[in-house]
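Computed from a prediction, not measured in an experiment: that's the story for all the values here.
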Amino acid sequence: MATDVITTRCCVAGGGPAGMMLGYLLARAGIDVTVLEKHADFLRDFRGDTIHPSTLEIMGELGLLDEFLKLPHHKEYELGGAFGRYQFTFVDLSHLPTRCKFIALMPQWDFLNFLAARGKRYPTFDLHMKAEATDLIEEGGRVVGLRATTPDGELSIRADLVVGADGRHSTVREKAGFKSDDYGAPMDVLWFRLTRKESDDTETFGHFEAGAMMIMLNRGDYWQCAYVIPKGGIDGIKAEGLDAFRKRVLFMSPFLTDRVEQLKTFDDIKLLSVAVDRLRQWWRPGLICIGDAAHAMSPIGGVGVNLAVQDAVAAANRLAAPLKAGTAGDDDLRAIQARRTFPVRFTQALQLIMQKRIISPALASTQRPKPPLLFRLVGALPLLQRIPGRLLAVGVRPEHVHTPDMLAGS
């Protein structure tokens, strides 16, 4: 089959939060942008569901918030958990300096479908589903496009700038030869869903017990469950058998007794291999990586989606004008990495501390755990709950939209 050729200002590989938000922002600013998503839809097993106030603030700045919040979601105004028999609230979002003082729990595919639909309102937005980036096109030491496979054959996209937003297993960053630092993770996550009843508690919560940890996210008519196991422990879980795993789940949440049988085979339980890493350099001439392609985050705090969106906003703010003028260069790419490195490093550092001080000891323990002193202090003093609330929900150096809207004539 013949190779089709597309010429555009910017080609984004990956239709996740970073890629879709960047594509939307650039198209909104009147810039030709092509977004490639390798799947036929956005229904993935491991999509993060937590839309933080920082992302909701961006949706507000774009004039999309009211429409966005009409999608099914659950609001969390505070977050808590249990260490053994000790229950506490750790995060209070009620005092945030944002439009929305809550975390919206929403399936990520709804978020991505929303952005895709709004992007299509702009004539410069070109989304290709079932188009997988496979290689870079280079000339004279500069990336000038990429190649992708589609059901109709090979696609060649020539672009002033290529953006790798294709996740933690990024083909773009591999083909670019980027080096990363792997900071390790002591756990993996088993991801499954069980029916939720109206009589169940509405709160999303985490539960620590001796050698076990489970988080349950309220998705309305079902619980999205994340059972945390030691890194590489999946073979041991499977060797014990499905009935033993069901008993593990019931030990953590006994109220699931009447529905744990919904886990009929291990095919109903998906493994998320947790990684924390960061590229040493995110860019080279003609190419930059953002989101998980630049920095894989631990699931702790559910911050991955929101940092990816922040990357996209920062990139669009810096790139919109030079891309439109045809002058985007190395200084722009260097500036994006410089701006985003601090918030990413800071957030990963907090995650690594949580992994080392809380999760690793909990998974290794044979005794019923007690909450660490810091958790007890924060739980006892509501005023202190605002601090983790601010760090989790807004983060450091939050981004704001500075790009124009071509349809508004701005």
Do the side chains of [X] and [Y] get close enough for a salt bridge, i.e. N-O under 4.0 angstrom?
X: Asp277; Y: Arg173; answer: yes
X: Arg318; Y: Asp332; answer: yes
X: Asp160; Y: Arg9; answer: yes
X: Asp66; Y: Lys70; answer: no
X: Asp235; Y: Lys238; answer: no
X: Asp221; Y: Arg196; answer: no

[Y] and [X] side chains, donor-acceptor separation under 3.5 Å:
X: Asn306; Y: Thr55; result: yes
X: Arg118; Y: Tyr24; result: no
X: Asp311; Y: His295; result: yes
X: Asp41; Y: His39; result: no

If I take atom [atom1] from residue [X] and atom [atom2] from residue [Y], how far apart are they, to the nearest 0.5 angstrom?
X: Met214; Y: Ile229; atom1: CE; atom2: CD1; value: 13.5 Å
X: Thr195; Y: Asp200; atom1: OG1; atom2: CG; value: 9.5 Å
X: Leu377; Y: Gln385; atom1: CG; atom2: CD; value: 11.5 Å
X: Leu26; Y: Lys324; atom1: CG; atom2: NZ; value: 11.0 Å
X: Lys264; Y: Ile269; atom1: NZ; atom2: CD1; value: 12.5 Å
X: Met187; Y: Ser273; atom1: CE; atom2: OG; value: 10.5 Å

Handout entry: With Arg357 via side chain to side chain donor-acceptor pair (under 3.5 Å) - residues at least two apart
Key =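 Partners of Arg357 by the side chain to side chain donor-acceptor pair (under 3.5 Å) criterion come out as none, since no residue qualifies.
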Handout entry: Option passing side chain to side chain contact (heavy atoms under 4.5 Å, CB included) with Met106 (candidates Thr50, Asp49, Leu71, Val305)
Key =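 Output: one option passes, namely Leu71.
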Test your reading of the model: is there a side-chain donor-acceptor pair from [X] to the backbone of [Y], 3.5 Å cut-off?
X: Thr124; Y: Asp32; value: no
X: Thr134; Y: Arg147; value: yes
X: Arg246; Y: Leu263; value: yes
X: His52; Y: Gly301; value: yes
X: Gln348; Y: Met297; value: no
X: Ser365; Y: Ala210; value: no
X: Gln310; Y: Glu399; value: yes
X: Arg386; Y: Pro382; value: no
X: Thr341; Y: Gln337; value: yes
X: His74; Y: Leu105; value: no

Heavy-atom pair with the smallest gap, counting every atom of [X] and [Y]:
X: Val33; Y: Gly23; value: CG1-O, 3.4 Å
X: Cys289; Y: Ala294; value: O-CB, 3.5 Å
X: Ala148; Y: Ile157; value: CB-CD1, 4.4 Å
X: Ala104; Y: Leu56; value: CB-CD1, 4.3 Å
X: Ala165; Y: Ala18; value: CB-CB, 4.2 Å
X: Leu319; Y: Ala328; value: CD2-CB, 4.5 Å

Can you find a heavy atom in the side chain of [X] that is under 4.5 Å from one in the side chain of [Y]?
X: Asp405; Y: Tyr122; answer: yes
X: Tyr77; Y: Ser94; answer: no
X: His400; Y: Val313; answer: no
X: Ile103; Y: Val91; answer: no
X: Arg28; Y: Leu62; answer: yes
X: Thr98; Y: Leu93; answer: no
X: Val303; Y: Gln351; answer: yes
X: Val249; Y: Cys225; answer: no

Handout entry: Any residue meeting side chain to side chain contact (heavy atoms under 4.5 Å, CB included) with Ala244, in chain and number order, not counting sequence neighbours
Key =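 Ala244 satisfies side chain to side chain contact (heavy atoms under 4.5 Å, CB included) with Glu240 once adjacent residues are dropped.
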Problem - Stepwise side-chain contact (heavy atoms from CB on, under 4.5 Å) test for Asp268 and Gln262 - result: CA-CA 9 Å; Asp268 297 322; Gln262 293 170 7; over 6 Å; no
Practice task
For Ile358 and Phe208, run side-chain contact (heavy atoms from CB on, under 4.5 Å): C-alpha distance rounded to whole Å, both residues' side-chain angles, the deciding distance at 0.1 Å, then the answer.
Solution key: CA-CA 10 Å; Ile358 298 172; Phe208 291 80; 3.9 Å; yes
Practice task
Would you check, one step at a time, whether the test ring-ring contact (aromatic ring centres under 6.0 Å, His included) holds for Phe68 with Phe114?
Solution key: CA-CA 7 Å; Phe68 181 63; Phe114 182 89; 5.2 Å; yes
Exercise for the section: I would like to know whether Asp126 and Val35 meet side-chain contact (heavy atoms from CB on, under 4.5 Å); could you show each step before the answer? Expected result: CA-CA 6 Å; Asp126 184 25; Val35 180; over 6 Å; no
Exercise for the section: Answer with yes or no after comparing the ring centroid distance for Phe83 and Phe88 against a 6.0 Å cut-off, counting only values under it. Expected result: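 Distance test on ring centres: under 6.0 Å, yes.
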Problem - Derivation of the side-chain contact (heavy atoms from CB on, under 4.5 Å) call for Asp135 and Leu146 - result: CA-CA 6 Å; Asp135 206 351; Leu146 56 74; over 6 Å; no
Problem - Member of Tyr227, Phe245, Trp223 meeting the ring-ring contact (aromatic ring centres under 6.0 Å, His included) criterion with Phe192 - result: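 Single pass found, and it is Phe245.
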Does [X] have more than 12 heavy atoms from other residues, nucleotides or ligands lying within 6.0 Å of its [atom1]?
X: Arg397; atom1: CZ; answer: yes
X: Arg280; atom1: CZ; answer: yes
X: Lys231; atom1: NZ; answer: yes
X: Glu67; atom1: CD; answer: yes

Exercise for the section: Could you note down all residue pairs passing salt bridge (Lys or Arg N to Asp or Glu O under 4.0 Å) where residues 283-310 supplies at least one of them, sequence neighbours left out? Expected result: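 Those involving residues 283-310 are Glu138-Arg284, Arg168-Asp292.
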